[in-house]
**Q** 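Quick one: the structure is below, and I'll ask about it shortly.
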Amino acid sequence: MPVYNQRRAETNQWEAKGTVERRRRINLEDMPWPMNILKFNQAVSEMKPGDHMIAFLKDADVMANLLRLLRHRPDMKFTTSTSDEKCRIEVKMEKRIL
């Protein structure tokens, strides 16, 4: 089982921006599968309308799995970007649809 840096893999707490929007950065780069998927899913489930989250990861296959999760959430808007060795997913929760 791969060893990863626990401190680096921990997520930041939600930072309040004004009264409505909260921001969060989550680093999944050194976290093994499936922990990175579970941690991302936990962070998404904690989001409230107006919240904004950025997730950083290395594996494009993991990014594809995370995008599958987000596509089933009509209340989430997201964008992605990739560079040579890193991937980034930016997520914003819109008004909840019942």
Side-chain angles (χ1 to χ4, degrees):
M1 175 173 266
V3 177
Y4 65 98
N5 185 339
Q6 181 70 29
R7 181 188 262 322
R8 187 170 178 203
E10 290 176 358
T11 60
N12 296 331
Q13 295 296 318
W14 287 100
E15 298 175 9
K17 294 284 186 182
T19 57
V20 179
E21 184 179 305
R22 299 181 308 163
R23 293 183 177 267
R24 185 178 194 176
R25 291 177 179 261
I26 181 170
N27 187 346
L28 305 172
E29 290 179 349
D30 294 329
M31 194 174 284
W33 182 90
M35 291 302 298
N36 48 16
I37 304 243
L38 295 171
K39 200 63 131 168
F40 181 85
N41 197 33
Q42 177 187 11
V44 166
S45 67
E46 293 172 358
M47 291 179 77
K48 295 178 182 174
D51 286 353
H52 182 260
M53 180 176 69
I54 301 173
F56 300 95
L57 52 145
K58 288 182 182 176
D59 191 350
D61 292 331
V62 172
M63 186 165 95
N65 288 329
L66 297 178
L67 294 178
R68 275 190 214 111
L69 288 172
L70 291 173
R71 285 189 185 109
H72 292 285
R73 300 282 308 258
D75 55 345
M76 298 287 179
K77 303 294 182 202
F78 60 91
T79 59
T80 62
S81 62
T82 56
S83 64
D84 293 337
E85 295 181 10
K86 294 189 179 189
C87 303
R88 173 182 156 150
I89 302 174
E90 207 166 322
V91 183
K92 182 165 184 171
M93 178 176 264
E94 299 292 325
K95 187 174 171 182
R96 288 198 189 258
I97 299 172
L98 300 175

**Q** Can you give me the closest heavy-atom contact between Met93 and Pro49, atom names plus distance?
**A**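 The answer is SD-N, 3.4 Å.
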**Q** Would you check if Asp51 and Arg24 make a side-chain contact, meaning some heavy-atom pair closer than 4.5 Å?
**A**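 Sidechains of Arg24 and Asp51: no contact.
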**Q** Let me check something: do Met31 and Ile54 share a hydrophobic cluster, defined by ILVMFWY side-chain heavy atoms less than 4.5 Å apart, either directly or through other members?
**A**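 No: no chain of side-chain contacts under 4.5 Å links Met31 to Ile54.
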**Q** Indicate yes or no: at least one non-hydrogen side-chain atom of Leu28 is less than 4.5 angstrom from one of Val62.
**A**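 No, side chains not in contact.
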**Q** For residues Leu67 and Val44: do they belong to one hydrophobic cluster (side chain heavy atoms under 4.5 Å, members Ile, Leu, Val, Met, Phe, Trp, Tyr)?
**A**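 The answer is yes; both residues are in one hydrophobic cluster.
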**Q** So which atom in Leu69 and which in Arg73 form the shortest heavy-atom distance, rounded to 0.1 Å?
**A**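 What the structure gives for the nearest pair is O-CG, 3.7 Å.
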**Q** What residue among Lys58, Lys86, Lys39 forms salt bridge (Lys or Arg N to Asp or Glu O under 4.0 Å) with Asp30?
**A**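 With Asp30 as partner, Lys58, Lys86, Lys39 yield a single salt bridge (Lys or Arg N to Asp or Glu O under 4.0 Å), made by Lys58.
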**Q** May I ask whether Ile37 and Met35 are part of the same hydrophobic cluster, defined by side-chain heavy atoms of I, L, V, M, F, W, Y residues being less than 4.5 angstrom apart, directly or through others?
**A**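 Hydrophobic grouping puts Ile37 with Met35.
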**Q** How long is the gap from CD on Glu46 to CG on Asn41, to the nearest 0.5 Å?
**A**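 Interatomic distance, Glu46 CD to Asn41 CG, rounded to 0.5 Å: 10.5 Å.
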**Q** Shortest non-hydrogen contact from Val91 to Met47?
**A**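 In this case the closest contact between Val91 and Met47 is O-CE, 3.8 Å.
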**Q** Just to verify, which of Arg22, Glu90, Lys92 counts as forming a side-chain hydrogen bond (donor to acceptor under 3.5 Å, both in side chains) with His52?
**A**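 So, applying the side-chain hydrogen bond (donor to acceptor under 3.5 Å, both in side chains) to His52 and each of Arg22, Glu90, Lys92, only Glu90 qualifies.
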**Q** Indicate, with yes or no, if Leu38 and Met63 share a hydrophobic cluster defined by side-chain heavy-atom contacts under 4.5 Å among Ile, Leu, Val, Met, Phe, Trp and Tyr.
**A**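 Same cluster.
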**Q** Please give me the minimum heavy-atom distance between Trp33 and Asn65, naming the atom from each residue.
**A**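 Where Trp33 meets Asn65 most closely, the heavy atoms are NE1-ND2, 4.3 Å.
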**Q** In sequence, state the C-alpha distance, the side-chain angles, and the governing distance for Ile89 and Leu70, and then conclude on side chain to side chain contact (heavy atoms under 4.5 Å, CB included).
**A** CA-CA 10 Å; Ile89 302 174; Leu70 291 173; 3.9 Å; yes
**Q** Indicate the atoms forming the closest heavy-atom contact of Cys87 with Thr82, along with that distance.
**A**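 Looking at all heavy atoms of both residues, the shortest contact is SG-CG2, 3.8 Å.
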**Q** What's the separation between atom CD in Glu29 and atom CD in Glu85, rounded to the nearest 0.5 Å?
**A**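 Going from the CD atom of Glu29 to the CD atom of Glu85 covers 9.5 Å.
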**Q** Is there side-chain contact between Leu66 and Leu57, with at least one heavy-atom pair below 4.5 Å?
**A**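 A side-chain contact exists here, since the closest heavy-atom pair is under 4.5 Å.
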